[in-house]
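The figures here come from the full heavy-atom set of this structure, side chains too, leaving out hydrogens, waters and symmetry mates.
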Amino acid sequence: MTLDAPDPVAETPDVGGERSPLLVDLEARGLISDSTDLTALGRRLNAGPITLYCGFDPTGPSLHAGHLQQLMLLGRIARAGHRPLVLVGGATGRIGDPSGRDSERPLLDDATLAANIASIREQVGRFIRFDGDPPGDDAVDDDGPVVGGGRLVDNHDWTGPLSLLDFLRDVGKHVTIGTMLARDSVRSRIDRSDGMSFTEFSYQLLQAYDFVHLHRAYDCELQVAGSDQWGNITAGIDLARRLDGATLHGLTSPLVVRSDGKKFGKSTGGAIWLSAEHTSPYAFYQYWMQVPDDDVEPMLLRLTFLSVEAIAEVVEAPSPGAPPTEGQRTLAHDLTTTVHGAAAAEAARRRKRGPLRRRPGGTRPGLLDMLAGELPTLEVTDGELADGIEPADAFVRSGLAKSKGEVRKNAGGFRLNGVAVDLDEAFGGADLLVGRAAVLSHGKRRHALLVRAENP
């Protein structure tokens, strides 16, 4: 995994000799990419609480690791005394943001959108407590991640009642086609064979109108987002200036990207979800334990509430490459605690040695139940077990190997219940732990569960 380098900021905003503490901290953490006038924004932040917003379209059943930076940014700004609005795109989610997309998103029905919005509200609530919500078990004092003052808003509430003619007259006439065509999200798609539908093309107008409405309704003056949203943010700033003569601000952070250069997302494969139903707390914890050494410090700075000074101490690591470093442990435990709670983080930490910490003979049904919820499973019938299952075939069917040849070539790396396999001996019922399942492993980090299918 690598991180996009933030665009250079010419100088730290200095407001009449007094720097904005919040912007100084964001810059130190590498959280400033594109922005409007930083000095003007710093002056406004120093003048008193500001209302800001960040939007999340409910196009998936859960938020994912790619959203963590913006959630942390909202929580960090809220802790500085400002008022965050969390916008869920009940309207824009029906279209889908084309930014960073190679193809158009599938359209979702109302029931799916409603379920996704409920999921987003619950997950954001781990970072920002909405006004009127009880503190809850995860709420902590002013030094913790969950703070009050937030408000959830849905852009379908103000976009849904608009007629097409009203929208074209009141919004569309103030935006030129040339400006819309110049957006990166449009230019990257417009010349392709499948092109871009008018539905997607109109997305930027809807998001621009969101900023105008939030300024009018809540005196919202700042929008924050990932750097891929800069064009949409400036569209809203320009529309507010044209319609209301308002001066608004925008701030983006560099995207957190995977080692293959793609940003975290639901469509790039291998998504790390914030929902325990889609990515277990253990799998979530283990993912951050495997972050490359060079990325640990940037991620601690951008994805945790730890102070810059505390992070500097953590990353003064033991000898280079000593696995795992204190940095990975701190990152994994901090993020898992924030997303899933302290108890889940501690349970994941205790299981860091893998699915079979005890000898197979001591395996309990409860452990297998837990593994069944976290590992890929391969169901086999009693008939297959009676006939014997070829080991190489089992590893291919479970997804731990691409071919039988791969298994035969690297036989020493494949294990059954923690023991190296003999490829000439078939798996049978006697290999199942407590008569129910067996753990297949490829190396130290890849596991699957071979499970006896239940009889109908």
Side-chain angles (χ1 to χ4, degrees), residues 51-60 83-99 101 104-121 124 130 150-183 185-186 189-190 195-225 228-250:
T51 299
L52 68 144
Y53 96 92
C54 184
F56 301 92
D57 276 343
T59 51
R83 298 181 295 265
L85 300 173
V86 177
L87 183 147
V88 290
T92 46
R94 286 170 163 78
I95 294 174
D97 185 0
S99 300
R101 296 280 302 182
E104 189 165 357
R105 299 176 190 269
L107 300 179
L108 303 179
D109 58 51
D110 289 349
T112 300
L113 283 168
N116 292 351
I117 289 172
S119 175
I120 289 175
R121 190 190 195 287
V124 174
F130 298 113
R151 180 189 290 267
L152 191 80
V153 294
D154 184 343
N155 60 15
H156 191 264
D157 291 343
W158 58 86
T159 304
L162 282 176
S163 72
L164 175 61
L165 291 178
D166 287 340
F167 186 75
L168 292 175
R169 180 194 64 193
D170 298 337
V171 178
K173 77 183 301 288
H174 297 283
V175 184
T176 67
I177 290 293
T179 300
M180 296 179 69
L181 289 172
R183 305 288 182 212
S185 60
V186 175
R189 292 270 303 282
I190 203 72
M196 172 182 282
S197 70
F198 178 77
T199 299
E200 278 193 299
F201 186 60
S202 66
Y203 182 95
Q204 58 184 291
L205 290 181
L206 293 172
Q207 185 168 329
Y209 184 66
D210 286 344
F211 206 172
V212 172
H213 174 84
L214 293 177
H215 175 253
R216 291 172 176 174
Y218 300 100
D219 195 25
C220 179
E221 300 176 65
L222 170 65
Q223 183 181 356
V224 297
D228 61 339
Q229 294 296 308
W230 181 241
N232 291 330
I233 290 176
T234 56
I237 292 173
D238 185 60
L239 183 62
R241 178 183 58 81
R242 291 174 181 272
L243 290 177
D244 300 332
T247 300
L248 304 181
H249 304 278

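- Using modelled atom types and a 3.5 Å distance limit, the side chains of Thr92 and Asn155 yield a donor-acceptor pair.
- Distance CG/Leu206 to CG/Leu162: 9.0 Å, rounded to 0.5 Å.
- Between the CG atom in Leu248 and the SG atom in Cys220 there is a gap of 7.5 Å [rounded to 0.5 Å].
- Using a 3.5 Å distance cut-off with no hydrogens or angles, the side chains of Thr51 and Asp219 do not pair a donor with an acceptor.
- Between Asn116 and Ser119, the side chains place no donor N or O within less than 3.5 Å of an acceptor N or O (distance only, hydrogens not considered).
- His174 contributes atom NE2, which lies 9.5 Å from atom CZ of Arg169 (distance to the nearest 0.5 angstrom).
- The two atoms that bring Pro58 and Gly89 nearest to each other are CD-O, 3.2 Å, heavy atoms only.
- Side-chain atoms of Val153 and Val88, non-hydrogen and from C-beta on, never get closer than 4.5 Å to each other.
- The aromatic rings of Phe167 and Tyr209 stand perpendicular to each other, their planes meeting at an angle above 60°, with 30° marking the opposite boundary.
- Interatomic distance, Leu152 CG to Arg121 CZ, rounded to the nearest 0.5 Å: 6.0 Å.
- The shortest distance between side-chain heavy atoms of Leu52 and Gln223 does not fall below 4.5 Å.
- For the pair Arg83 and Tyr218, the minimum side-chain heavy-atom distance is 4.5 Å or more.
- We find the CG-CD1 distance between Leu113 and Ile120 to be 9.5 Å, quoted to the nearest 0.5 Å.
- Proximity of a side-chain donor or acceptor of Asp154 to a complementary backbone N or O of His156 within less than 3.5 Å is detected.
- Rounding to the nearest 0.5 Å places CG of Leu222 at 8.5 Å from CD1 of Ile237.
- Side-chain contact check for Asp244 versus Arg216: some heavy-atom pair is nearer than 4.5 Å.
- Considering all non-hydrogen atoms of both residues, Val212 and Gly236 come closest at CG2-O, 4.3 Å.
- For an aromatic pair to be called close, the ring centres must be under 6.0 Å apart, and Tyr53 with Phe211 satisfies this.
- Within the 4.5 Å cutoff, no side-chain heavy atoms of Val86 are placed close to those of Arg151.
- A donor-acceptor contact under 3.5 angstrom links the side chains of Asn232 and Gln229, judged on distance only.
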